Colleague: 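Here's a structure for you.
Please read these numbers as outputs of a predicted model, since none were measured by experiment.
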Amino acid sequence: MSAMQRSAFGTVAGELVEKVELTNAQGLRLAVMNYGATLLALDVPDRHGVLENVVLGFGDLASYVNDSPYFGATIGRVAGRIRDGRWDTIQLSQNEGNQHIHGGINNVSHRVWVIESVTDSAVTMCIVLPAGDQGYPGTLTMRVTYELQADNRMTITTTGHSDTRTLFNPTNHSYFNLSGGLKATVSEHQVKVAADKMAEVDETKCPTGRLLPVAGTAFDFRSGQTITQFCQAEAAGLDTPFLLQPQAPSAVTVTDDSSGRRLQIATTAAAVVLFSTTGMNEAYVVNDTRPMCSQLGLAIEPQMLPDAIHHPDFGNIVIEAGETKQYQSVYTFDTI
Ligand code: G6D
């Protein structure tokens with residue numbers, strides 16, 4: 001039997017934030033909140049059927065407001081960096097040196113969304129961003145639907161509709177750790193990415209505009225490698241945009257041998273950013289369980305390539321007046 005529960009999660013600046021939990025017939029459980037339209041928790045079975053949380057988060061709202069590196073958050077209007085925060089003559093808010101990142105200073109990850117509809121298997125949240133917000137033209141309506149299917153799939157569908165030509169490149173910023181309950185880091189997770197090319201980035205982590213073949217480099221994840229193997233060649237870890245092979249049935253596959261859990265992600269987005277949290281030793285405690293440490297999670301962010309607006313071969317992130325654009329990512333869990 002599938003089920004739904006809705007409860008208060010806290011308040012931010014006097015606004016109520018709610019948590020919605022969905023459970024499918026197999027017991028797969030998803031929890032989201034309407035602050036940042038954020039995925040809070042995702043309990044999936046290991047090879048023995050034991051359900052454990054496989055995403056990074058916090059047990060309380062204040063930690064999301066104060067400490068979160070976008071744990072589970074919806075990102076918009078535009079994910080990743082936009083060089084100098086410039087789009088032609090338009091100046092966007094700059095929140096990382098000169099760059100604009102993850103939608104700017106007061107982005108949608110840090111706002112309270114409206115819960116529009118809830119059923120036993122899906123929840124839809126909505127936010128309306130006024131024209132001029134963070135410098136962007138156009139009143140943009142963003143909607144995110146999290147849906148839990150009976151066959152242990154989670155689907156995240158994000159749409160944007162604008163009344164004026166503007167930019168739209170959303171993502172979900174969940175950090176995965178398939179060991180369950182953070183028993184181990186992701187260092188030994190096996191990661192496979194259906195990408196022949198990656199976007200070169202500079203010292204600010206902003207794309208230079210060059211698309212480089214992964215063949216013959218450490219960034220070749222086409223047959224799979226562990227994060228440890230990758231870091232032997234690239235000690236700084238992954239914070240890398242990959243251009244996906246078109247129509248790849250699984251864009252990213254992550255397998256954890258110890259628990260047997262496997263995650264396969266298919267997406268309509270053309271790219272994915274992988275961020276391995278390498279070197280991220282922080283004072284805050286994740287999932288009320290352990291302090292944030294290097295490689296505690298792997299952020300998998302399906303999106304169009306960052307800074308696409310400056311590079312014609314990076315894909316189109318312009319949304320025209322009156323247009324509705326939709327991106328969908330399907331997260332399928334099974335065991336090996
Ligand atoms: C993104 O690429 C970026 C990282 O550099 C950033 O630190 C993280 O979000 C929070 O994945």
Side-chain angles (χ1 to χ4, degrees), residues 29-33 35-36 38-46 50-75 79-80 101-102 109 154 171-193 205 218 221 224-242 252-265 272-302 331 333:
R29 187 186 70 101
L30 165 164
V32 298
M33 66 168 166
Y35 179 77
T38 299
L39 179 67
L40 292 168
L42 189 60
D43 295 349
V44 307
D46 70 3
V50 178
L51 289 159
E52 288 168 313
N53 185 15
V54 298
V55 293
L56 273 55
F58 296 110
D60 66 296
L61 181 57
S63 300
Y64 280 98
V65 175
N66 300 319
D67 296 326
S68 182
Y70 298 90
F71 282 163
T74 298
I75 308 275
I101 183 170
H102 291 338
S109 311
M154 171 182 72
T171 191
N172 174 276
H173 206 291
S174 288
Y175 294 70
F176 292 88
N177 180 326
L178 301 184
S179 70
L182 303 180
K183 283 195 286 298
T185 68
V186 297
S187 302
E188 298 315 311
H189 283 26
Q190 185 80 21
V191 181
K192 224 169 140 173
V193 186
K205 298 181 179 172
F221 280 85
Q225 60 176 320
T226 64
I227 302 290
T228 297
Q229 283 166 340
F230 173 77
C231 287
Q232 277 158 9
E234 294 284 336
L238 281 163
D239 192 349
T240 309
F242 291 92
V252 180
T253 303
V254 184
T255 313
D256 172 43
D257 282 341
S258 61
S259 67
R261 290 187 182 93
R262 177 170 65 174
L263 164 62
Q264 293 179 84
I265 303 176
V272 66
V273 171
L274 294 187
F275 173 52
S276 61
T277 68
T278 304
M280 241 173 110
N281 294 297
E282 307 286 347
Y284 55 75
V285 173
V286 183
N287 293 348
D288 293 331
T289 304
R290 58 188 283 184
M292 183 68 202
C293 68
S294 182
Q295 287 165 197
L296 192 57
L298 173 67
I300 306 174
E301 310 160 46
Y331 301 73
F333 292 92

Colleague: Nearest 0.5 Å please: distance from the CG atom of L56 over to the CG atom of L39.
Modeller: 11.0 Å
Colleague: Is any side-chain heavy atom of V252 closer than 4.5 Å to one of F221?
Modeller: no
Colleague: Do Y175 and F71 have their ring centres less than 6.0 Å from each other?
Modeller: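 Yes, close enough.
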Colleague: With distance as the sole test, does T277 use its side chain to make a donor-acceptor pair with the main-chain N or O of G297 at under 3.5 Å?
Modeller: yes
Colleague: Quick check for you: to the nearest 0.5 Å, what is the distance between Y35 atom OH and T74 atom OG1?
Modeller: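 That separation rounds to 12.5 Å.
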Colleague: Which atoms form the tightest heavy-atom contact between S259 and S179, and what is the distance?
Modeller: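 Minimum heavy-atom separation between S259 and S179: CB-O, 4.0 Å.
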Colleague: Between the main-chain N or O of S294 and the side-chain N or O of N281, is there a donor-acceptor pair closer than 3.5 Å?
Modeller: yes
Colleague: May I ask you to test the L61-M33 pair for a side-chain heavy-atom distance under 4.5 Å?
Modeller: yes
Colleague: Step by step, work out the side chain to side chain contact (heavy atoms under 4.5 Å, CB included) result for Y70 and T171.
Modeller: CA-CA 11 Å; Y70 298 90; T171 191; over 6 Å; no
Colleague: Take D67 and E282, measure what side chain to side chain contact (heavy atoms under 4.5 Å, CB included) needs, and give me the verdict at the end.
Modeller: CA-CA 9 Å; D67 296 326; E282 307 286 347; over 6 Å; no
Colleague: Do H189 and N177 have side chains that get closer than 4.5 Å, going by heavy atoms?
Modeller: yes
Colleague: Please report the C-alpha distance between Q295 and T278 in whole Å, then the side-chain angles of each, then the deciding distance to 0.1 Å, and finally whether the side-chain hydrogen bond (donor to acceptor under 3.5 Å, both in side chains) criterion is met.
Modeller: CA-CA 5 Å; Q295 287 165 197; T278 304; 2.8 Å; yes
Colleague: Quick one: does T228's side chain have a donor or acceptor within less than 3.5 Å of a partner on S187's backbone?
Modeller: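 Side chain of T228 to backbone of S187: a pair is present.
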Colleague: Calculate, to the nearest 0.5 Å, the distance between atoms CD and OG belonging to E234 and S276 respectively.
Modeller: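 Nearest 0.5 Å value for the CD-OG distance: 10.5 Å.
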Colleague: Enter the distance from I227:CD1 to L274:CG here, rounded to the nearest 0.5 Å.
Modeller: 7.5 Å
Colleague: Could you measure the distance from the CG atom of L42 to the CZ atom of F333? Nearest 0.5 Å is fine.
Modeller: 4.5 Å
Colleague: Under the 3.5 angstrom rule, does the side chain of N53 hit a backbone N or O of G181 as a donor-acceptor pair?
Modeller: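 No, N53 side chain to G181 backbone: no donor-acceptor pair under 3.5 Å.
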Colleague: Quick one: do F176 and V186 satisfy side chain to side chain contact (heavy atoms under 4.5 Å, CB included)? Show the steps, please.
Modeller: CA-CA 8 Å; F176 292 88; V186 297; over 6 Å; no
Colleague: Ignoring hydrogens, what is the shortest heavy-atom contact between P302 and I265? Give both atom names and the distance.
Modeller: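 Smallest interatomic distance, heavy atoms only, reads CG-CG2, 4.5 Å.
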Colleague: Looking only at heavy atoms, which two atoms of S63 and D60 are closest? And how far apart?
Modeller: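 Nearest pair, atom of S63 first, then D60: OG-OD1, 2.8 Å.
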Colleague: Can you tell me if Y284 uses its side chain to pair, donor with acceptor, with the backbone of S68 under 3.5 Å?
Modeller: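 No; zero donor-acceptor contacts below 3.5 Å.
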Colleague: Can you name the nearest heavy-atom pair linking A233 to A218, along with the distance?
Modeller: CB-CB, 3.6 Å
Colleague: Would the distance check show the side chain of T289 and the main-chain N or O of N287 forming a donor-acceptor pair, the cut-off being under 3.5 Å?
Modeller: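 A pair under 3.5 Å: yes.
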Colleague: What verdict does the side chain to side chain contact (heavy atoms under 4.5 Å, CB included) test give for R261 and V54, after you've listed the backbone C-alpha separation in whole Å, the side-chain angles of each residue and the deciding distance to 0.1 Å?
Modeller: CA-CA 9 Å; R261 290 187 182 93; V54 298; 3.7 Å; yes
Colleague: Grab the two heavy atoms, one from Q190 and one from Q225, that are nearest each other, plus how far apart they are.
Modeller: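 Nearest heavy atoms, Q190 then Q225: NE2-N, 3.3 Å.
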Colleague: Once you round to the nearest 0.5 Å, how far does CD of E188 lie from CG of L178?
Modeller: 13.5 Å
Colleague: Taking all non-hydrogen atoms of both residues, which atom of H173 and which atom of A299 are closest, and how far apart?
Modeller: CE1-CB, 3.9 Å
